[in-house]
Amino acid sequence: MLRILVCFCLLQSVAQAQRMSGFWQGMLYLSSETTDKPRIPVYIDIYVTNGLVDGKMRIENNGGATIYPINGTYSELKMKLYTMKATWYYLPEFALTPSNYSLTYNPKTGYLEGTSDKDSYHLILYKSSGEIAALKAPYLPKEWLVRFQQELKDGLSAPAIRKQELLQFELKPIYFDSDQALIKAEYEDYLREVIRMVKSHSDLRIEITGHTDADGSDAYNMILSRKRSEALIAFLEANGLPKNRVVVRYKGEREPIDSNTTESGKLHNRRIDIRFI
């Protein structure tokens, strides 16, 4: 049993090292800076084995670029990186002083994040693909950096995590009081998570379908189900999801999922169904 446990721990350690090894990109900024200020692009290419880190880092600042060799240590999702004397410069007058970084990998968000030992710099990176090259000018374009800043504002996880998040996300209906189209406060956190899922995938939309119980006329209930759908659209838009990411339907009382002869059945029928498309 002890041998199995030791083997499991070793395999887990190897898997973690493999997950950390590779190309990462992100940004460096002073902790005191506002969130909309342009960031300093950072790229690192590292190899992790037996608790040791080896690689290089490229930092671009004010149109210049610098490549630093790096080494360090890794244990239990925590990494210490030591930058050494630069081996390559473009516009060296804009190079940053080499710093050491204490970083932590968050398996929930997929980000490697931490601070420098001096200058109060904050560093956040996500796993990507590429390589560090000694080019004569900064990498272009930088649309990814603007997008990255917005994704962090929106609370999105790293790209490598998003597919698994979507696969594990459970969509569920939201329910309404009788003859009401008000979005209840108890659903707001869930709906914000739906928004986050949609924003995490540029090709993803949602379809919402409003329903009612059988109280009232068919014509009235069709209008009520439309009002419920419109109320949800208004909530989604107010919380940052554009209308073009939502398809709206409303069915009135025509597609019940429970009996309309009991109060609990009616409650289940007074709903909006949500699905990804």
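- Panel note: side chain Arg270, backbone Phe176; a donor-acceptor pair is recorded below 3.5 Å.
- A donor-acceptor pair under 3.5 Å is formed between the side chain of Ser225 and the backbone N or O of Met222.
- Expressed to the nearest 0.5 Å, how far OG1 of Thr209 lies from NZ of Lys251 amounts to 6.5 Å.
- With a 4.5 Å cut-off on side-chain heavy atoms, Arg162 and Glu151 count as touching.
- The backbone N or O of Leu236 lies less than 3.5 Å from no partner atom in the side chain of Arg192, so there is not a single donor-acceptor pair.
- Side chain of Asn269 to main chain of Gly265: a donor-acceptor pair is present (N/O by atom type, distance under 3.5 Å, no hydrogens or angles).
- Taking 4.5 Å as the limit, every side-chain heavy atom of Pro173 sits out of range of all side-chain heavy atoms of Ile274.
- Distance CG/Leu103 to NZ/Lys78: 10.0 Å, rounded to 0.5 Å.
- Both Leu171 and Leu191 belong to a single network of hydrophobic side chains, linked directly or stepwise wherever heavy atoms of I, L, V, M, F, W or Y lie under 4.5 Å apart.
- Side-chain contact between Leu166 and Phe276: present, with at least one pair of heavy atoms (C-beta onward) separated by less than 4.5 Å.
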_Verdict with supporting geometry, Arg228 and Leu224, side chain to side chain contact (heavy atoms under 4.5 Å, CB included)_ = CA-CA 6 Å; Arg228 287 173 176 167; Leu224 179 58; 3.7 Å; yes

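- Arg39 forms a cation-pi arrangement with Tyr29, by the criterion of a distance under 6.0 Å to the ring centre and an angle within 45° of the ring axis.
- The environment of Lys184 atom NZ is dense: over 12 non-hydrogen atoms of other residues, nucleotides or ligands sit within 6.0 angstrom.
- No side-chain heavy atom of Met79 sits under 4.5 Å from any side-chain heavy atom of Tyr105.
- Leu156 places a side-chain heavy atom less than 4.5 Å from the side chain of Arg196.
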*Would you check, one step at a time, whether the test salt bridge (Lys or Arg N to Asp or Glu O under 4.0 Å) holds for Glu143 with Arg147?*
CA-CA 6 Å; Glu143 283 85 355; Arg147 183 173 64 249; over 6 Å; no

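- Both Tyr43 and Leu152 belong to a single network of hydrophobic side chains, linked directly or stepwise wherever heavy atoms of I, L, V, M, F, W or Y lie under 4.5 Å apart.
- Looking at heavy atoms from C-beta onward, Glu113 lies out of side-chain contact with Leu123 at the 4.5 angstrom threshold.
- At least one side-chain heavy atom of Trp24 sits under 4.5 Å from a side-chain heavy atom of Leu112.
- A donor-acceptor distance shorter than 3.5 angstrom exists from the side chain of Lys127 to the backbone of Arg19, with no hydrogens or angles considered.
- The CE atom of Met84 sits 10.5 Å away from the CE atom of Met57 when rounded to the nearest 0.5 Å.
- Linking ILVMFWY residues whenever their side-chain heavy atoms come closer than 4.5 Å, directly or via other members, leaves Leu52 and Ile70 in distinct clusters.
- Between Ser21 and Val48, the shortest heavy-atom contact is OG-N, 2.8 Å.
- The one candidate from Thr73, Asn100, Asn71, Asp117 that meets the side-chain hydrogen bond (donor to acceptor under 3.5 Å, both in side chains) condition with Lys80 is Asp117.
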*Could you go step by step and tell me if Ile277 and Ile206 meet the side chain to side chain contact (heavy atoms under 4.5 Å, CB included) rule?*
CA-CA 5 Å; Ile277 57 175; Ile206 56 171; 5.8 Å; no

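- For the atom pair CD1 (Ile208) and CG (Leu232), the distance works out to 4.0 Å, reported to the nearest 0.5 Å.
- Defined by atom type and a distance below 3.5 Å, a donor-acceptor pair is missing between the side-chain atoms of Asn50 and Tyr74.
- Formation of a donor-acceptor pair under 3.5 Å by the Ser229 side chain with backbone atoms of Arg249 is found in this model.
- Lys199 has a carboxylate O that lies under 4.0 Å from a charged side-chain N of Asp154, or vice versa, which qualifies the two as a salt bridge.
- There is a side-chain donor-acceptor pair under 3.5 Å between Glu165 and Ser157.
- Tyr190 carries Lys172 over the face of its six-membered ring, with the cationic atom under 6.0 Å from the centre and within 45° of the normal.
- Using a 4.0 Å cut-off between a side-chain N of Lys or Arg and a carboxylate O of Asp or Glu, Arg275 and Asp273 do not qualify as a salt bridge.
- When the shell of 6.0 Å around CD of Glu93 is examined, it contains more than 12 heavy atoms from other residues, nucleotides or ligands.
- Side-chain atoms of Ser128 do not come within 3.5 Å of backbone N or O of Gln25 as any donor-acceptor pair.
- Residues meeting the side-chain hydrogen bond (donor to acceptor under 3.5 Å, both in side chains) test with Arg254, sequence neighbours left out: Asp218.
- Residues Ile46 and Tyr82 are members of separate hydrophobic clusters, defined by side-chain heavy-atom contacts under 4.5 angstrom among Ile, Leu, Val, Met, Phe, Trp and Tyr.
- Remark: the backbone N or O of Ile44 is not paired with any side-chain donor or acceptor of Arg58 at under 3.5 angstrom.
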*Can Thr83 and Tyr101 be said to form a side chain to side chain contact (heavy atoms under 4.5 Å, CB included), step by step?*
CA-CA 8 Å; Thr83 59; Tyr101 299 90; 3.9 Å; yes

_Steps toward side chain to side chain contact (heavy atoms under 4.5 Å, CB included) verdict (Ile195, Arg245)_ = CA-CA 10 Å; Ile195 292 171; Arg245 304 292 295 272; over 6 Å; no

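- Distance CG/Asp213 to NE2/His268: 12.5 Å, rounded to 0.5 Å.
- Here the straight-line distance linking atom CZ of Arg205 with atom CG of Asp203 works out to 10.5 Å at 0.5 Å rounding.
- Thr87 is not listed as a side-chain neighbour of Tyr68, based on a closest heavy-atom distance of 4.5 Å or more.
- When all heavy atoms are compared, the tightest approach of Leu145 to Pro41 is CD2-CG, 3.7 Å.
- Across all their heavy atoms, Ala181 and Ala231 have their closest contact at O-CB, 3.1 Å.
- Tracing side-chain contacts under 4.5 Å through hydrophobic residues (I, L, V, M, F, W, Y), one reaches Leu30 starting from Ile59; they form part of the same cluster.
- Taking both residues in full, the closest heavy atoms of Thr66 and Ala95 are given as OG1-CB, 3.3 Å, listed atom of the first, atom of the second, then distance.
- Aromatic ring orientation, Trp144 versus Tyr126: perpendicular (interplanar angle above 60°, classes split at 30° and 60°).
- Surrounding NZ of Lys266 are more than 12 heavy atoms belonging to other residues, nucleotides or ligands, all under 6.0 Å away.
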